[in-house]
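Beneath this line is the structure, given in structure tokens, with notes to follow.
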Protein chains: 2
Amino acid sequence: MQTDLSMEKAGLGRSETHDMIAASKVEGTYVYNLQGEHLGHIYDTMIEKRSGQIAYAVMSFGGFLGIGEQYHPLPWSMLEYDPAMGGYRVDLDRDVLEGAPSYARGAEPDWADPAYGRSVDDYYRRKPAIY
Amino acid sequence: MQTDLSMEKAGLGRSETHDMIAASKVEGTYVYNLQGEHLGHIYDTMIEKRSGQIAYAVMSFGGFLGIGEQYHPLPWSMLEYDPAMGGYRVDLDRDVLEGAPSYARGAEPDWADPAYGRSVDDYYRRKPAIY
């Protein structure tokens, strides 16, 4: 399950510890489901400005060289970092992911509208991301 | 006070709202003090993994084309986003900044050691960043 990318990340050492990670290192980190299947990687994270809390991780899924790639916002609380895998684990089957809120490059949702975040929270049956 | 960079950022629209901002857009955002002096820009952010809380913003200060640049971790709670300036404002004088914990490129601190974060919190007289 260890990949070249995660091995490389594991070696970063000083910018990634058990407790603290640089945002720039979160981007690109692989995401696996509980069965260990590779689902995608973190493309970006959405931060609630005032609190500094990460509300959503935007996972890139599918596609090739950015073409056909879909972006799936996941409530941050779904992600659990697994040091052995060098990536995040989420309790998420592929069929659940395929029906989930997502968007293509250039068709970003209107994050200013709280209804969008709520639609993500609702789909994954999470409490609203209000901090 | 408006800069080309902040003007450009202000136009990003869909990835930066009043409440939510993409981490990739935080990087590069200008930092000003209360007198409106430009201090530097956000180079990276340090995230507390389990909680998803941003604990520190790493501000780049000084230098030219990365040479002689110093990185200053600031407790996230010090930063206030000012939409009119298109950047963060911090209550921080240059002389306070010059005596603050900082490091050069390639000489990153050991974030795994909680004492480092505490030294930053202590310098700025902030409560420890435990979430």
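Values below: all heavy atoms of this structure, side chains included; hydrogens, waters and symmetry mates excluded. Being a predicted model, the structure only gives us computed values, none of them experimental. Numbers restart at 1 for each chain; the letters A, B, ... are given by sequence-line order, proteins then strands.
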Self-check item: CD1 on A:I54 to CD on B:E48, rounded to 0.5 Å
Solution: 10.5 Å
Quiz item: Out of A:T45, A:I47, A:L79, which one racks up the most heavy-atom pairs below 4.5 Å with chain B?
Solution: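 Most heavy-atom pairs under 4.5 Å with chain B: A:I47.
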Quiz item: With no hydrogens and no angle check, is any side-chain donor or acceptor of B:D44 less than 3.5 Å from a backbone partner on A:A22?
Solution: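 The answer is no, because no donor-acceptor pair under 3.5 Å joins these two groups.
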Practice problem: For the pair A:Q53 (side chain) and B:S51 (backbone), establish whether a donor and an acceptor sit closer than 3.5 Å, ignoring hydrogens and angles. | Solution: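 Yes, A:Q53 side chain to B:S51 backbone: donor-acceptor pair under 3.5 Å.
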Quiz prompt | Residues forming a salt bridge (charged side-chain N to carboxylate O under 4.0 Å, His left out) with A:D82, sequence neighbours excluded | solution =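 Result, salt bridge (charged side-chain N to carboxylate O under 4.0 Å, His left out) vs A:D82: A:R89.
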Exercise. Consider only side-chain heavy atoms of I, L, V, M, F, W and Y, link residues closer than 4.5 Å, and tell whether A:V96 and A:L34 are in one cluster.
Key: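 As far as the 4.5 Å side-chain criterion goes, A:L34 and A:V96 are not connected within one cluster.
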Quiz item: For the residue pair B:M20 and A:A55, what are the closest heavy atoms and their distance?
Solution: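 So the two residues come closest at SD-CB, 4.0 Å.
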Practice problem: Please assess A:K25 against B:M46 for the test side-chain contact (heavy atoms from CB on, under 4.5 Å), listing each intermediate value before the final yes or no. | Solution: CA-CA 10 Å; A:K25 298 299 174 299; B:M46 297 300 301; over 6 Å; no
Exercise. Verify the neighbour count for atom CG of B:D95: are there more than 12 heavy atoms of other residues, nucleotides or ligands below 6.0 Å?
Key: yes
Quiz item: More than 12 non-hydrogen atoms from neighbouring residues, nucleotides or ligands closer than 6.0 Å to CG on A:D91, yes or no?
Solution: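 No, not enclosed.
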